[in-house]
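Everything below concerns the one structure shown next.
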Amino acid sequence: MTLLRTLTSVALAFALASCGGDRTETDISGEKVALPTIGSSGGALSNVEAKRLFGAKNFASAQSPAAYGSYSKGCLAGAEQLAETGPTWQAMRLSRNRNWAHPEMIDMVKKLSRKAAQQPGWEGVYVGDMSQPRGGPMLTGHASHQMGLDADIWMLPPKSLNLSRAQRENISSISMRRSSGAYVNSSWTPAHHEVIKAAAQDPRTARIFVFPGAKVQMCADEKGDRSYLRKIRPWYGHHYHFHIRIACPKGARGCVDQVPPPPGDGCADARQWQANILNPPKPDPNTPKTTPKPKRELLLADLPAQCNAVLNAN
């Protein structure tokens, strides 16, 4: 996909997402959702911004674990909290209270951390944002991460797993990109390749988002089984961390998976994205200029019907 076509798709997706009254959503990643929403059943809170309500919850609901809705319009029942520190991980930015997720995501991160600890120079992983205690839209940052099935893993190789809370607020990850993301820089190592590869090879993983240069480098360096590369998708940003997205847990009801990636390893598309960064295509003079509408904030009424019970549970 060329950069121009990508930007057009993004603009279209935001336009679709801003339309009211339609229960079918298409997000910027190609996710299609058609679920009953809370609507007026939320009472006086129906027209309140959902991020205000879910962002105010400090603990998980006392329900069985369940992901409802979609990655960009959903919520999380019975979340599990990732321990602040484990044998091979540390949760970062604890003040955000975003170290919550579905138990499958928690298990996946712990498994990955053990794999990372086997790499030279890595004591494990630093875990960035996962989800809020009850999922839902966040007060700041991500549009996704709403069902407890997303997690950000820092690109910074952990040298210590004894960071204090204060240190975890102030330390920063490091960027891996060069030339606006067309290439990796000198901080990229074979260990980064192996950690991201391990995440992609987990059968629960649906996608991993990285900056284009990282995908291109992994395509060039991989000499063995290349099937996992299909799950690694270039996307804007994602040079300080990579983003893991797992599929809806087996047997889950009310959880909508993202459309699977196209067949193949995706390397040609990544190289095209790289080429467009280095030599941006000229705009088509015949394309009419439009001003994208600002994205409307999600209201409680917009969320899946199950999210009302999640919000109000003990």
Side-chain angles (χ1 to χ4, degrees), residues 13-29 31-82 93-106 129-152 245 248-249 252-258 292-314:
F14 277 121
L16 288 171
S18 68
C19 298
D22 190 346
R23 295 188 302 175
T24 301
E25 172 194 5
T26 302
D27 80 355
I28 58 177
S29 303
E31 177 189 352
K32 296 184 178 180
V33 180
L35 292 172
T37 58
I38 292 174
S40 61
S41 65
L45 297 178
S46 290
N47 292 321
V48 175
E49 290 182 357
K51 67 181 182 181
R52 305 292 175 191
L53 300 172
F54 282 86
K57 293 296 183 180
N58 295 318
F59 55 90
S61 65
Q63 298 170 298
S64 298
Y68 294 120
S70 65
Y71 299 96
S72 299
K73 187 187 285 187
C75 61
L76 172 63
E80 181 178 341
Q81 187 175 29
L82 179 71
R93 303 292 190 265
L94 297 175
S95 63
R96 297 179 180 178
N97 198 25
R98 294 177 180 177
N99 56 321
W100 300 80
H102 189 281
E104 287 289 343
M105 186 80 252
I106 298 288
D129 287 352
M130 300 175 80
S131 291
Q132 298 176 140
R134 303 192 189 196
M138 294 185 177
L139 286 169
T140 59
H142 315 278
S144 60
H145 290 250
Q146 294 194 28
M147 293 197 295
L149 304 179
D150 295 282
D152 292 340
R245 172 168 292 171
C248 292
R253 294 186 176 184
C255 177
V256 181
D257 277 311
Q258 190 173 342
K293 294 181 180 179
K295 187 177 180 181
R296 181 175 69 81
E297 294 285 354
L298 289 173
L299 306 178
L300 180 64
D302 298 319
L303 297 187
Q306 299 95 327
C307 294
N308 201 28
V310 172
L311 181 67
N312 294 310
N314 292 327

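Each residue takes its place number in the sequence, starting with 1. Bear in mind that the values here come from a model prediction, so they are computed numbers and not experimental data.
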Identify, with sequence neighbours excluded, every residue that meets side chain to side chain contact (heavy atoms under 4.5 Å, CB included) alongside [X].
X	result
Ala143	Lys295
Ala60	Ala79, Trp100
Asp150	Tyr71, Ser144, His145, His243, Arg245
Ala151	Met105, Val109, Met130

Looking only at atom types and distance, does a side-chain atom of Gln132 sit under 3.5 Å from a main-chain N or O of Pro137, one as donor and one as acceptor?
yes

What salt bridge (charged side-chain N to carboxylate O under 4.0 Å, His left out) pairs are there with at least one residue in residues 302-314, not counting sequence neighbours?
Arg296-Asp302

Summary of salt bridge (charged side-chain N to carboxylate O under 4.0 Å, His left out) pairs that have at least one residue in residues 52-66, sequence neighbours excluded:
Glu49-Arg52

Can you name the side-chain hydrogen bond (donor to acceptor under 3.5 Å, both in side chains) partners of [X], sequence neighbours left out?
X	value
Gln306	none
Arg134	none
Gln63	Ser61
Ser40	none

Holding to salt bridge (charged side-chain N to carboxylate O under 4.0 Å, His left out), I want the full list of residues that pass it with Glu104, two or more places apart in sequence or in another chain.
Arg204

Could I get the full list of salt bridge (charged side-chain N to carboxylate O under 4.0 Å, His left out) partners for Arg96, not counting sequence neighbours?
Asp129

Please give me the minimum heavy-atom distance between Leu35 and Val256, naming the atom from each residue.
CD1-CG2, 3.8 Å

Do Pro133 and Asn97 touch side chain to side chain, with heavy atoms closer than 4.5 Å?
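Yes. Closest side-chain heavy atoms under 4.5 Å.
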
Is the shortest side-chain heavy-atom distance between His102 and Leu76 below 4.5 Å?
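Yes; the side chains approach each other to less than 4.5 Å.
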
